[in-house]
Asks: 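The structure that follows is given in the form of structure tokens.
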Protein chains: 2
Amino acid sequence: MNTLSYGLLALLTRGPRSGYELMQHIQPIWQAKHSQIYPLLALMEKRGFVQYVPVAQKDKPDKKVYSLTDEGIAALREWVPEPTGDPVKRDEMLLKVYCIGFIEPAQARQLFEERMRMYQCKIEKYHRMLDDLGSETVQAVEAGRMEHPGFGSYILLKRAIGQAESDLDWCRWVVGLLQLNPTGSVGN
Amino acid sequence: MNTLSYGLLALLTRGPRSGYELMQHIQPIWQAKHSQIYPLLALMEKRGFVQYVPVAQKDKPDKKVYSLTDEGIAALREWVPEPTGDPVKRDEMLLKVYCIGFIEPAQARQLFEERMRMYQCKIEKYHRMLDDLGSETVQAVEAGRMEHPGFGSYILLKRAIGQAESDLDWCRWVVGLLQLNPTGSVGN
DNA sequence: TGTATATATGTACATATTTACATATATTTG
DNA sequence: CAAATATATGTAAATATGTACATATATACA
């Protein structure tokens, strides 16, 4: 049971999910490939933390829909109060920014503009996901009812939006600075 | 040559550094242990990207001070325009927040208050590092002179502060929500 | 005096993560 | 019609990362 395994149990508190769905939903919080997730699910199934039912689909491949067992919930409850690991953040772009003094100005601008597009897409996506949670969830959150299903998703989305907007603002600020010096072509 | 190796080359654009110093300075952007960094430096030394001079110290163990070679600078310049990897963010705390509906309210509050302390410490540390860069760097940044040594460090610190402040605000907001419901003791 | 921390470098081993290979079906795109 | 993409699950192998061990010196703390 590593951190990702507990993360999968955490996702399953929202209800039954296939391995494929778990892989998709965990990406914003914890990047992992399916090749890492499937073996962990198989292990947790052996240990009795999760169970699955095979579901046949027309027009799509069959899937295994996993759900939490009582033992899985117990494992989750034991994990939460344990010391929480420090956040891991690794961003190649920031390493490139570190040596910006050695970079062609045009390449520097491209680095930041690429990221601006990325953050804008993410912000839009997260807003759509917020909308999908519905007004009932909004009311539960505003009332501080953390037991409400959707409370966790809502506050995590708010955080993700805040982070992306902060980074987007930063990119805009830097691009503004870079444009003060017309080294190279200002137009593309 | 993996991403971390290029990152070490990027740090060395600021001037000669020991492996130990590189390990310390790269932490905010890319977490890595010394056990990963020392072998990479040895490899890059073999390949001629960096060179070192042994420096004897009184009161402290001897060290190897690495610096960039022309080949190292060339490698750096080839790396920058290559496609940039997506940022990797893994935070156990967010996984715990995801299943906040299954958590004891007191544990939830603790989770956020711990993080608030962490972010406050980081913000203070980053502000001290900004101050250490001096007013000359501030002027260079405000003039958009990206070739100035310190431009990269300055804008990276500004970003780190923005991110930490965004997260701190988020934690405060959530703690405020949790206090709306007096489940359990409000005082410690 | 034993224990911890900081400086400083290194290796060995275990674990985590990514990439590549494998398979099957339906849809979209060129 | 061929190629890519999305759904869906899995394994094998390579790489990246973390933990533990190893050594040496100085300082702080109990």
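Letters A, B, ... mirror the listed sequences (proteins, then strands); counts begin at 1. Side chains included, hydrogens not; waters and symmetry mates left out as well; all remaining heavy atoms used. Quantities reported herein were computed from a predicted structural model and do not represent experimental measurements.
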Asks: Should we count CG of B/Asp70 as having more than 12 external heavy atoms under 6.0 Å?
Replies: no

Asks: By nearest nucleotide on DNA chain C, pick out whichever of A/Pro61 and B/Val88 is the more 5' one.
Replies: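 The 5'-side residue here is B/Val88.
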
Asks: Measure from CG on B/Asp86 to P on C/dT19 and round the result to the nearest Å.
Replies: 11 Å

Asks: Roughly how many Å is it from NZ in A/Lys58 to P in D/dT7, rounded to a whole number?
Replies: 18 Å

Asks: With the threshold set at 4.0 Å, does a side-chain nitrogen-carboxylate oxygen contact exist between A/Asp169 and A/Arg172?
Replies: yes

Asks: Between A/Arg17 (CZ) and D/dT7 (P), how many Å, whole number?
Replies: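 The distance from CZ of A/Arg17 to P of D/dT7 comes to 15 Å, rounded to the nearest Å.
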
Asks: Quick check on C/dA8: is either OP1 or OP2 less than 4.0 Å from any side-chain nitrogen or oxygen of B/Gln57?
Replies: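 Answer is yes, contact under 4.0 Å.
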
Asks: Once you round it to whole Å, what is the distance between P of C/dT18 and CG of A/Leu40?
Replies: 12 Å

Asks: Under 4.0 Å between a side-chain N/O of A/Gln24 and OP1 or OP2 of D/dA6, yes or no?
Replies: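 For D/dA6, OP1/OP2 do not have a side-chain N/O of A/Gln24 under 4.0 Å.
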
Asks: May I have the distance from B/Leu22 (atom CG) to C/dG10 (atom C1'), rounded to whole angstrom?
Replies: 16 Å

Asks: Less than 4.0 angstrom from a charged side-chain N to a carboxylate O is my criterion; do A/Asp91 and A/Arg115 meet it?
Replies: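 The answer is yes: the pair qualifies as a salt bridge.
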
Asks: So, A/Arg159 and B/Asp167, do they make that salt bridge, N to O below 4.0 Å?
Replies: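 Answer for the salt bridge query: yes.
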
Asks: Quick check on A/Gln110: does its CD atom have over 12 non-hydrogen neighbours (other residues, nucleotides or ligands) under 6.0 Å away?
Replies: no

Asks: Classify the ring geometry of B/Trp173 against A/Tyr154: parallel below 30°, tilted from 30° to 60°, perpendicular beyond 60°.
Replies: tilted

Asks: Going 5' to 3' through nucleotides 9-17 of chain D, assign each nucleotide B (protein heavy atom under 4.0 Å from a base atom), S (under 4.0 Å only from sugar-phosphate atoms) or - (no protein heavy atom that close).
Replies: BBBB---SS

